[in-house]
Every structure is written in structure tokens, then in C-alpha cells.
Amino acid sequence: MSATPAPSARPARPSGPRSHDSYDAVIVGGGHNGLVAAAYLARAGRSVLVLERLDHTGGAAVSTRPFAGVDARLSRYSYLVSLLPRKIVRDLDLGFRVRGRTISSYTPVERDGRPTGLLVGGGEHRTREAFGRLTGSGREYEAWQRFYGMTGRVAERVFPTLTEPLPTRDELRRRVDDTEAWRTLFEEPIGAAVESTFTDDLVRGVVLTDALIGTFADAHDPSLRQNRCFLYHVIGGGTGAWDVPVGGMGALTDALARAACDAGAVIATGHEVRHIATDGQSAEITYRTADTEGTVAARHVLVNASPRELAALTGDEPPAPAEGAQLKVNMLLKRLPRLRDESVDPHEAFAGTFHIAEGYGQLAAAHAQAASGALPEAPPSEIYCHSLTDPTILGPDLVEQGYQTLTLFGLHTPARLFEADNDGVREELLKSTLAQLDAHLAEPLADCLATDADGRPCIEARTPLDLERDLGLPGGNIFHGDLAWPYAQEGTGRWGVETRHANVLLCGAGAVRGGGVSGVPGHNAAMAVLGE
């Protein structure tokens, strides 16, 4: 029953759990949130055991070499950082850095029979000129400045609350202190603001995409799930900036595992938790490994898994089913492809977020088609190139030869579309998604793909069903379910991590203020245990 330490981690206690061991806290799941909680609790002097089902820690925040014989370490699932508070990095003394992107986004489009596009970034003057060339006036740029000035002020006021006890709705509204911003973001569908603020279809689409990442919704969905997604995408770091993790996403989880182990936590990989029995004051956790079963006791249990998995472990009523709605594609290229829009250097176009088929009308059509049970005819997606900002993820030979990574994130592809034939639909969707990209390239993307040691193209795609199988994401939902408003509601508890069992806490993405690579649920669950 000995534990296997997390990759790159140097555990302070090399042995794993033994039958009838007892800990102050047992953490179920070694994803980044579980590791944050483990590090905080261990540094506070608590005895901590992390039980991880897989043979490594990190969950969705990992770096891997997915292509045989190729020295490229990709952020395979999660890939950008915005919501991770610097407070957590400082508190845990993490040797982890991010780099900003000089370009925010590029969106190609054909207008009046000619290829053009919108480049946002590279300085105010260049961005203003880009808006003018696309739209014929300065109106959209001025509207853009006003709109994101508003979201920036909201970000400054809301982001610091994520690592504080949950405010009430009225408290958060007073903190925002802007009636128009509150109505725009918290009360009416985001589509209303997008349509009243902007007139250009392409500009409208670029704005709306932040409301649809991993969220299957229309711009006017009355549930406002798209607003909640948009809010979390524009408040990160108090600025809304999305940064590149230096060394890949695995650099963060490796740093967290080291911090937890150095503080005295025990990390046991290959240990799958099967049941949690609790009377509210003490708990018994049953787990199994490849060759045995065991139990440990704990005063507190922190579950770094989905609400669905939590219910299965405790025997409680499961939540409503969750559903993911994204296609994730990782690629390695021999070179960046040339663009039909010759006014833009590919090294700039791909340095930010490269939007494909994400005009406002295109997004609406794709949603309607997927909602009717069909794959979108023009699948919307966005791409970014990690290696342009951080070449350290590539081996020196690849860097010298000009190789680059590409990560594609497709929208409006709910899990239900893959249920009948996951492999076949994946192949069909990948083909049509890349065709949308090729429409804006001066050469086929296939001509730029690198090959692995076996001569196969360096490209892999993951559907929601693949993510459910590989990572245990319910329905492949990257947030474990619909995101919640960052304020207290009935039953949310003081920190948003509480469950109906007093000593069992939820520290995964499904907690209030969960979702994304943030560490916030892990921090908040640790604070709940420590009585902060």
C-alpha cells in the first residue's frame, strides 16, 4: 500500500497510507485545487493525505509529450492562466511564472471579396487602426474601449473577493458600484449589451466568445449561464488578461505538489477513493489500488472532484447531469501557416487568440444547429500558440527549426452529438473545423503539421466524451457543471465549498467560484477547515 509520489514532487513522507491511519485532512483527487488545499493545510501544521486515482497528479492542468519521439511538452487540457490569484502563488512560495501576450486576438474574415481581419493588441494606435480598416470608422473602437473599460473596473472590484468569504448579492453589488455594469453582467442576457454596444458582426462575435467557452448557450439564454461564463473570463487577475504558463501548465501542478510535500503532505497516486462515510465530525475513506484495498480516517475530507462524484462517494442524491460542449485539439507544426490576409504576420496572428468562424451570426447559427442535434456547418473555434510566448516547452532542436505548437478550442459541440459514434463524429468534426481554418490560410494546415517518430501527423483531438473518460469530467464539462455567481445563495455556505456534511468540503471546479485554473476552491476549502 505504499504511495507513489507525484512526478517532480519530493515528498517529505515517502510512505503511503496504512490501514487505520488517521489524518487531519484527506483530499480526494490530486488536481491543482486539491494540491493547493494540501499545501495550505500542511503549511498550517495539519496532517494531510492526498489520494489520487491516476498515476500522476495535476488533473486537467498537466503537461505531456503526446506525440511519440517528439520533444514537445504540451499543456494537454488546460492551457492558459487568468484566474489564479497572485496571493496563492505568494502564500505557497511557488516557483511559477506566467508571461503576458502582446497580441490579444486576431480574427480573419473575408469582406467585399478580399481577405482581411481584426488584430487587437500591439499598442493602442495599431488596434485603433485595425478597427478602422475593418469597420470604416472609429465608432466600434470607441465602443470597445468603453465596454472593456467597464469590465476592467468590475474586475478590479470583484476579483479580490474570490479568496474571501462569499459576499451576499447586495454586498457584491455595492462593491461593483456601477448600476449599468451590474445590469449588463448580472441581470440581463449579455447578448443585449453586445447588440446595443456594437454594430459590426465580427466585433460582436469576438466579444461574445468569452461567454461561450465550455458553455453551450445562446447570447440571449434566459438562464444567464453565458453571463456567468463571461464574467469569469473578464475578471481574472483584476484585469481580465489571459497569460501563458512558463514551462507549460504542468509547471504549476509540479510546483504545487512540491510545496505540499515539502510542507509534510503525503501524496499517494494510484489510489482510487471508493466511499466516504461520515457522521459530520469524523470520516472514514475507503480506497483501492491495483492490488489492495484500505481505509483511512480523517477529521475533514476535501473532495477535488465533481459534484456528481462527490454524491457517488457519499451516497447522496446526484446533481442534475452536466454536459460539456467543446472540442480540444493539440497540434505541433513545422512552421506557422501563411495567411490569406497578407497584412498580418502569422507570428502575430497566432500569438494571441485566433478566432475562427466566430462572427456573431455564425455563433448563433452554430448554436441553433447543435441544439437541433446536428454538428455546426461552420464549427466555431479559437486557436493560440503557446510556443510563440514560451518556447521552453519545445526541445532546443525544435526551436531552432522553427517548430510551433497550436491549441484549438472548439465551441458549440455538446456531448450529446457524440453519443452514437464518438470516434466517427470526432473525425468528422475535426475535418470540418480545420476546413474553417484553412479557408483563411494561404496553404493547407496539413502541409505544416509535423510528424512523430512513426510518421503520423502531430495532431490529437478530444471530445467531451473523451474528457469524461480520461479525466472524469461529468459529461466532459470543463467546469463540472454550470458556473455559479460569485456571491452567496441559499445553501452555498460561508466559503462556497460546504456540503450537507459538516466535515466534507468540495474543493473542485464545481464549488462556488470554481472553474478554470484558479486554485480558488482549494484555497477556500483550506480556509474553511482552518476556520479563517
From the list Arg76, Arg426, Lys328, salt bridge (charged side-chain N to carboxylate O under 4.0 Å, His left out) with Asp466 holds only for Arg426
Quiz item: Cut-off 3.5 Å, side chains only: do Gln404 and Ser387 have a donor facing an acceptor?
Solution: yes
Notebook entry, point to check: Are Thr463 and Asn422 close enough that a side-chain donor and a side-chain acceptor fall under 3.5 Å?
Noted result: yes
Query raised in the report: Which of parallel (below 30°), tilted (30 to 60°) and perpendicular (above 60°) describes Phe354 and Phe350?
Result: parallel
- prompt: Under the salt bridge (Lys or Arg N to Asp or Glu O under 4.0 Å) criterion, do Glu348 and Arg126 qualify, and how do the steps go?
  reply: CA-CA 12 Å; Glu348 286 197 314; Arg126 288 188 67 193; 2.8 Å; yes
Q) So, do Val81 and Met249 sit near enough that their side-chain heavy atoms are less than 4.5 Å apart? A) yes
Margin query: I'd like to know if the side chain of Glu460 pairs up with that of Asn330 as donor and acceptor (distance under 3.5 Å, no hydrogens or angles considered).
Written below: yes
Discussion item. Would you say the ring centers of Phe216 and His367 fall short of 6.0 Å from each other?
Written reply: yes
Tell me if the centroids of the rings in Phe147 and Phe198 come within less than 6.0 Å of each other.
yes
When every non-hydrogen atom of Asp91 is compared with those of Arg43, the smallest separation belongs to O-NH2, 2.9 Å
message: I'd like to know whether CD of Glu443 has more than 12 heavy-atom contacts from other residues, nucleotides or ligands below 6.0 angstrom.
response: yes
- Task: Could you please spell out the steps behind the salt bridge (Lys or Arg N to Asp or Glu O under 4.0 Å) verdict for Asp262 and Arg258?
- Result: CA-CA 6 Å; Asp262 287 348; Arg258 284 193 296 270; over 6 Å; no
Legend entry - Stepwise side chain to side chain contact (heavy atoms under 4.5 Å, CB included) test for Leu35 and Ile27: CA-CA 8 Å; Leu35 296 174; Ile27 297 173; over 6 Å; no
Checking Leu408, Leu445, Leu430 against Ile459 for side-chain contact (heavy atoms from CB on, under 4.5 Å), the one that qualifies is Leu430
Between Pro464 and Ala415, the two heavy atoms sitting closest are CB-CB, 3.7 Å
In short, salt bridge (charged side-chain N to carboxylate O under 4.0 Å, His left out) pairs touching residues 470-479 with sequence neighbours left out are Arg462-Asp470
message: Looking only at the aromatic ring of each residue, does the gap between the centers of Tyr106 and His355 stay below 6.0 angstrom?
response: no
With Cys229 as partner, the option from Val234, Asp482, Thr215, Ile190 fulfilling side-chain contact (heavy atoms from CB on, under 4.5 Å) is Thr215
Heavy-atom closest pair (Leu134 atom, Asp200 atom, distance to 0.1 Å) is CD2-OD1, 4.0 Å
For this session: Let me see the working for Asp243 and Arg99 under side chain to side chain contact (heavy atoms under 4.5 Å, CB included), right down to the final yes or no.
Result: CA-CA 6 Å; Asp243 296 327; Arg99 287 182 186 156; over 6 Å; no
Q. More than 12 foreign heavy atoms under 6.0 Å from CZ of Arg65: is that the case here?
A. yes
**Prompt:** Please walk me through it: do Glu124 and Arg128 pass salt bridge (Lys or Arg N to Asp or Glu O under 4.0 Å)?
**Reply:** CA-CA 6 Å; Glu124 181 178 352; Arg128 182 186 293 273; 3.5 Å; yes
Compare all side-chain heavy atoms of His480 with those of Leu473 and state whether any distance is below 4.5 angstrom. yes
Heavy atoms of Ala357 and Gln436 approach each other most closely as CB-OE1, 3.9 Å
Around atom CD of Glu377, are there more than 12 heavy atoms from other residues, nucleotides or ligands closer than 6.0 Å? no
